[in-house]
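Computed from a predicted model, the values in this text were never measured in an experiment.
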Amino acid sequence: QALTILEHEGFIARQRGRGTFVLRQPEARHWNSLHADWDSLVEAHEGVTTDLLRSESVGALPGLPHGGAQAPAYRFLLRRHRREGVPYLIGFAYIDQAIWDDLSLDAIKDQPLIRVLSDLPWVIIGSAQQTMEVSTADIEIADLLDIPLNAPVVIIDRPVFGEDGAILLQTRGFYRADFVKLTITLR
């Protein structure tokens, strides 16, 4: 069965009486390294393109798994990140509406929101957290990432807090598991 799949995908050719032949090598992986430090997160997603799929004003954050005070209003963004044309991340983000009002769509185009926030001189970041979970793609995520239903995904939740403890940015990213490499410096 495995050989049939490889043949169907154009990697091998089978010829009766002659054998099995390799036609092409798989494409190189486009790893997206997930780091556990702020500076690396700010520099993440270099060389990607981003599709803004939805943007709307919302009152409150839906659920606060990480605690923190809420801003009066947030801007919800749904974005798809692509590396060399391949979708690898679907990002759900809530950014403080007061911060959003000072931004333009060009400011967030192809930029991680953490970098945008970090570059604003008047925004003081108090702390940030990152939680990783391995799961499977539901129908919406599978469709947006162009992967099979129930394919493995890595979910990253990142709340960013101001110095007063209010949530400035809350993101939930769904990464294709075949694009993720976790890097943690132990010493």
Side-chain angles (χ1 to χ4, degrees), residues 30-83 87-100 102-103 107-138 140-141 144-145 152-185:
H30 305 283
W31 293 108
N32 183 65
S33 291
L34 296 176
H35 296 277
D37 65 279
W38 180 259
D39 291 335
S40 296
L41 288 176
V42 169
E43 297 301 319
H45 308 290
E46 285 291 328
V48 304
T49 57
T50 305
D51 307 319
L52 181 60
L53 305 176
R54 197 164 77 210
S55 171
E56 60 191 50
S57 188
V58 295
L61 292 172
L64 290 173
H66 305 286
Q70 288 205 32
Y74 289 88
R75 170 62 61 163
F76 169 73
L77 303 171
L78 174 59
R79 303 189 326 159
R80 176 176 36 221
H81 299 253
R82 298 174 186 269
R83 190 176 298 277
Y88 74 95
L89 164 62
I90 301 301
F92 295 82
Y94 296 85
I95 187 166
D96 184 325
Q97 186 70 48
I99 295 170
W100 175 261
D102 283 350
L103 298 175
I108 68 161
K109 179 82 173 128
D110 302 330
Q111 294 293 327
L113 293 174
I114 286 178
R115 172 182 285 157
V116 171
L117 207 62
S118 195
D119 288 346
L120 295 173
W122 57 274
V123 173
I124 299 172
I125 297 168
S127 65
Q129 299 173 0
Q130 178 170 266
T131 305
M132 181 179 80
E133 173 186 350
V134 178
S135 188
T136 57
D138 63 18
E140 177 187 22
I141 298 301
L144 291 171
L145 286 175
V153 293
V154 176
I155 304 169
I156 302 290
D157 286 310
R158 289 186 188 122
V160 178
F161 303 93
E163 64 182 347
D164 63 354
I167 297 176
L168 305 175
L169 175 68
Q170 170 76 48
T171 65
R172 176 167 257 221
F174 291 81
Y175 292 80
R176 288 175 52 145
D178 60 339
F179 269 59
V180 173
K181 181 178 3 181
L182 180 63
T183 304
I184 299 174
T185 303

**OP:** Working to the nearest 0.5 Å, report the span between CD1 of Ile155 and OH of Tyr175.
**Re:** 12.0 Å
**OP:** Report yes if the side chains of Met132 and Val154 come closer than 4.5 Å at any heavy-atom pair, otherwise no.
**Re:** yes
Original post:
Within a strict 4.5 Å, meaning less than it, do heavy atoms of the Pro62 and Tyr94 side chains meet?
Top reply: yes
Original post:
Could you go step by step and tell me if Glu56 and Val58 meet the side-chain contact (heavy atoms from CB on, under 4.5 Å) rule?
Top reply: CA-CA 6 Å; Glu56 60 191 50; Val58 295; 4.2 Å; yes
Subject >> Residues Ile90, Val153; criterion side-chain contact (heavy atoms from CB on, under 4.5 Å); working and verdict >> reply: CA-CA 10 Å; Ile90 301 301; Val153 293; over 6 Å; no
Original post:
If you measure from CZ on Phe161 to CD on Gln170, what distance do you get to the nearest 0.5 Å?
Top reply: 7.5 Å
Original post:
With no hydrogens and no angle check, is any side-chain donor or acceptor of Gln70 less than 3.5 Å from a backbone partner on Leu61?
Top reply: yes
Original post:
What's the shortest heavy-atom distance between Asp164 and Ala166, and which atoms?
Top reply: OD1-N, 3.0 Å
Subject >> Ser57 versus Gln97, closest heavy-atom pair with distance >> reply: OG-OE1, 3.3 Å
Original post:
Does some side-chain heavy atom of Pro87 sit less than 4.5 Å from a side-chain heavy atom of His81?
Top reply: no
**OP:** Verify side-chain hydrogen bond (donor to acceptor under 3.5 Å, both in side chains) between Arg82 and Thr50, making sure each step is shown before the conclusion.
**Re:** CA-CA 6 Å; Arg82 298 174 186 269; Thr50 305; over 6 Å; no
**OP:** Look at the rings of Phe179 and Tyr88 and say which category their plane angle falls in: under 30° parallel, 30 to 60° tilted, over 60° perpendicular.
**Re:** parallel
Original post:
CD1/Ile108 to OG/Ser55 distance, rounded to the nearest 0.5 angstrom?
Top reply: 7.0 Å
Original post:
Could you state the interatomic distance from OG1 (Thr171) to CD1 (Ile95), rounded to the nearest 0.5 Å?
Top reply: 10.5 Å
**OP:** Please step through salt bridge (charged side-chain N to carboxylate O under 4.0 Å, His left out) for the pair Arg79 and Asp51, ending with a clear verdict.
**Re:** CA-CA 6 Å; Arg79 303 189 326 159; Asp51 307 319; over 6 Å; no
Subject >> Euclidean distance, Tyr74 OH relative to Ile99 CD1, rounded to 0.5 Å >> reply: 8.5 Å
Subject >> Verdict with supporting geometry, Asp96 and Leu169, side-chain contact (heavy atoms from CB on, under 4.5 Å) >> reply: CA-CA 6 Å; Asp96 184 325; Leu169 175 68; over 6 Å; no
Subject >> Inter-residue atom distance Leu103.CG - Leu120.CG, 0.5 Å rounding >> reply: 5.5 Å
Original post:
Run the side-chain contact (heavy atoms from CB on, under 4.5 Å) check on Arg176 and Arg83 step by step: do they pass?
Top reply: CA-CA 12 Å; Arg176 288 175 52 145; Arg83 190 176 298 277; over 6 Å; no
